Amino acid sequence: MRTYRVARALVTMLVALLFGCLLPVLSGCSNVLGLPKSGTVQVMKPTEQDTRRIFTNPSGPVKDAQPEAIVKGFFEALPAGVQSDGFKTARRFFTSAASNWWNSDAKTMVYSGAPQIARKASFADSSAVNDEITVSVRLQVQGMLDSHGVYLAVPEETETFDFTLSKVQGQWRIGKLPSGVMVGADDFKQAYRQVSLYQLGTSRKELIPDVRWLCWRDWRARAVEELLNGSAAWLRDAVVDTNTEQVTLRSNGVTVHDSTIRIWLSSVMNRMTDAERSVLVRQLRLSLGDGSKETSIDVVAGGRNYSHADDGSSLDTRSTVDPIYTLSAGNIVSLKSSNAVRVAQAGIDDADGFIFSSEGGAVLDHSGRVKRLGADGALRDTMFSGHKIRTICKGRGKEIWAVDESTEEIAVDADGRTRALTIPGLDDTQHVRAISVSPEGDRLAFSLESSKRAKSGIGIIGIRRGSDGEVESLARSFLRISDQSGVSMMTFYNDITFIYAAQYEQNDHTQIARRQLVPGPENNQSLPDAGAIAMATGEVNMYRRFAVLDRLGIVRTVDGSLGGTWSSADSQVMALSAQ
């Protein structure tokens, strides 16, 4: 009893002491917790990047382990190789010849589920001591990572890979195997870091995120090298090569000291103009700082310090966020504030698609014709020469993008000036169903439908713009980012997070929805119980929100993160303005 009283007295003293410390803070007299009382307010950019990392510390081969156990141990050691140990543990499962031959940087294969490991039938009963034994590994492959860290989605299917083992000093070791790394989808998120390399668009007015997945153990150095090497192939026609003098990173050229990233580059940087150095340093700062221009970097080349070369640069990663609008009973309603506010009475009661902003917009009716909307919501002229249009989406500024149902071309209307574009590499069986333009306006995502399952999916392609900012063309190739078919709606949540969903079916109780850091592995995205027939991203209550129009005519938004709870924003809605 005495022990209990002493403990209780100690707890009471601690509570009193803590309350005494907090009281001055609550009264505003002092700041004992060290909270900042001055300085600028920093607006944090919403992202969905998962920062919860689990480090693995696998062991090497166990003495007298069987071939299947050796192969299993090798797979378990691969994530740590990417994360931290540079594949030192993984190579302990090899013969010396295999260790010299195997190239971990060749590619990365991403698979779902667990590897199915089994000795091949012809070797199942082998009892020979020195014979080679082949172990097969079956994987459900869903994506590939190339040597530059660019993710490519592949049609998900089971593939079998052979591992040949032989004995070294009486122990089984892997002598032959596929080149590159094989990693599970869950381990991929822990072992690889998403990095946005910010490339300069061809209009030279904006930066475009070029998403890569780099090894955690040396991601900063790899990011600098990849940025200096140029953009990903699918984006190349939409960006400018800013490394005009072929600057390279020196050996061990990236270190971190007291939160400052120090970068040593080759002396040819001295030959660049001040304007060229300004752009390159700004790209380095934003790419290594996840889009923050406040990132502290030290850039040294040929004995000269260029850390402040971008002080006068206006290049930034910010993109405007429009309010979300709905079309309800002929009224255009803004969801920007806490309460839905009618901003125009358009008298529209027939809409399959709807775009609106303070500069006007467009409406797609049931017949497939598109009418322009003025800033006051009034119906104006018929767009796209009266052609039947499959879908529309918002572009940069006043741009309205559309898919021509008869020609399969992508049409862009910029304040009355129309340009027709063609996605390269499509065949007669492939049809564009849905489109979405990224926030900065330099990337186009699109869904493809085909009678051949392997040719359906989602692609992304660069948009080339002139110095006046107007669209000139699409890039010469696109990147496949998903093999999901039936996608009828999509939107960019922010500059790198992309959300898409298959068409809602009345008799189907499940609707497939996905999101990804594009391009990257897919994750499931929850939707309201009543499904979704349209989606949009915009500002609601001063926050970026993901909004969904369900089949009952109710608009719901996600609060907090994309995995948050759904709240009702508007009802009796016919169409949702999609960004």
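Heads up: numbering here begins at 1 and tracks the sequence. Note that this is a predicted model, so its numbers are computed, not measured.
Remark: aromatic rings of Y192 and W219 are distant, center separation not under 6.0 Å. Here the two rings, on F354 and Y325, have centers that are 6.0 Å apart or farther. The distance between the ring centers of F546 and Y493 does not fall below 6.0 angstrom.
With rounding to the nearest 0.5 angstrom, the CG atom of D427 is 9.5 Å from the CG atom of L448.
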Trace of the side-chain contact (heavy atoms from CB on, under 4.5 Å) decision for E472 with R465: CA-CA 5 Å; E472 292 184 344; R465 294 181 180 271; 5.8 Å; no
Worked verdict on D290 versus R193 for salt bridge (charged side-chain N to carboxylate O under 4.0 Å, His left out): CA-CA 11 Å; D290 292 326; R193 190 188 196 278; 2.8 Å; yes
Starting from the C-alpha separation in whole Å, work towards a yes-or-no answer on side-chain contact (heavy atoms from CB on, under 4.5 Å) for R204 and S467. CA-CA 7 Å; R204 297 179 181 270; S467 58; over 6 Å; no
Y151 vs Q516, test: side chain to side chain donor-acceptor pair (under 3.5 Å). Steps then yes/no. CA-CA 11 Å; Y151 185 89; Q516 62 173 277; over 6 Å; no
Stepwise, does the side-chain contact (heavy atoms from CB on, under 4.5 Å) test hold for W216 with Q190? CA-CA 8 Å; W216 264 103; Q190 302 295 331; over 6 Å; no
side-chain contact (heavy atoms from CB on, under 4.5 Å) between V471 and L421, worked out: CA-CA 9 Å; V471 175; L421 307 169; 3.8 Å; yes
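T497 places none of its side-chain heavy atoms less than 4.5 Å from the side chain of V518.
When the shell of 6.0 Å around CG of D381 is examined, it contains more than 12 heavy atoms from other residues, nucleotides or ligands. Within a 6.0 Å sphere centred on CD of E156, heavy atoms belonging to other residues, nucleotides or ligands number more than 12. Atom CZ of R380 is surrounded by more than 12 heavy atoms from other residues, nucleotides or ligands within 6.0 Å.
A distance-only check finds no donor-acceptor pair linking the side chain of R212 to the backbone of G149 [under 3.5 Å]. A donor-acceptor pair is defined here as one N or O able to donate and one able to accept, closer than 3.5 Å; such a pair exists between the side chain of S447 and the backbone of A434. Using a distance-only test at 3.5 Å, with no hydrogens or angles considered, a donor-acceptor pair links the side chain of Q525 to the main chain of L562. No donor-acceptor distance shorter than 3.5 angstrom exists from the side chain of Q430 to the backbone of S456, with no hydrogens or angles considered. T326 places no side-chain N or O within 3.5 Å of a backbone atom of S328 that could act as its donor or acceptor partner. Side-chain atoms of T422 do not come within 3.5 Å of backbone N or O of P424 as any donor-acceptor pair. Between the side chain of E440 and the main chain of D442, a donor-acceptor pair closer than 3.5 Å is present. Counting only distance, with no hydrogens or angles, the side chain of D365 and the backbone of S367 share a donor-acceptor pair below 3.5 Å. Judged by distance alone, with hydrogens and angles left aside, the side-chain atoms of S307 form a donor-acceptor pair with the main-chain N or O of V299 at under 3.5 Å. No donor-acceptor distance shorter than 3.5 angstrom exists from the side chain of T491 to the backbone of M535, with no hydrogens or angles considered.
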Donor-acceptor contacts under 3.5 Å from residues 329-336 side chains, at least two apart:
| unit_1 | atom_1 | unit_2 | atom_2 | d |
| --- | --- | --- | --- | --- |
| S334 | OG | K336 | N | 3.3 |

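Sequence neighbours left out, not one pair with a member in residues 227-236 passes side chain to side chain donor-acceptor pair (under 3.5 Å).
Tested against D404 for a side-chain hydrogen bond (donor to acceptor under 3.5 Å, both in side chains), the candidates K388, H387, R390 yield a single pass: H387. When the options R417, K205, K398 are evaluated for a salt bridge (charged side-chain N to carboxylate O under 4.0 Å, His left out) with E470, the one that passes is R417. Checked options Q283, E276, R282; the residue passing with L280 is Q283 (criterion: side chain to side chain contact (heavy atoms under 4.5 Å, CB included)). When D241, D237, L235 are each tested for a side chain to side chain contact (heavy atoms under 4.5 Å, CB included) with V239, only one passes: L235.
Cation-pi check for R556 over W566 is not met; the charged atom does not lie both under 6.0 angstrom from the ring centroid and within 45 degrees of its normal.
Remark: D187 does not engage K189 in a salt bridge, criterion side-chain N to carboxylate O under 4.0 Å. Checked for salt-bridge contact, D413 and R372 meet the test: a charged N lies under 4.0 Å from a carboxylate O.
Using a 30° and 60° split on the angle between ring planes, W213 and F188 fall in the tilted class, from 30° to 60°.
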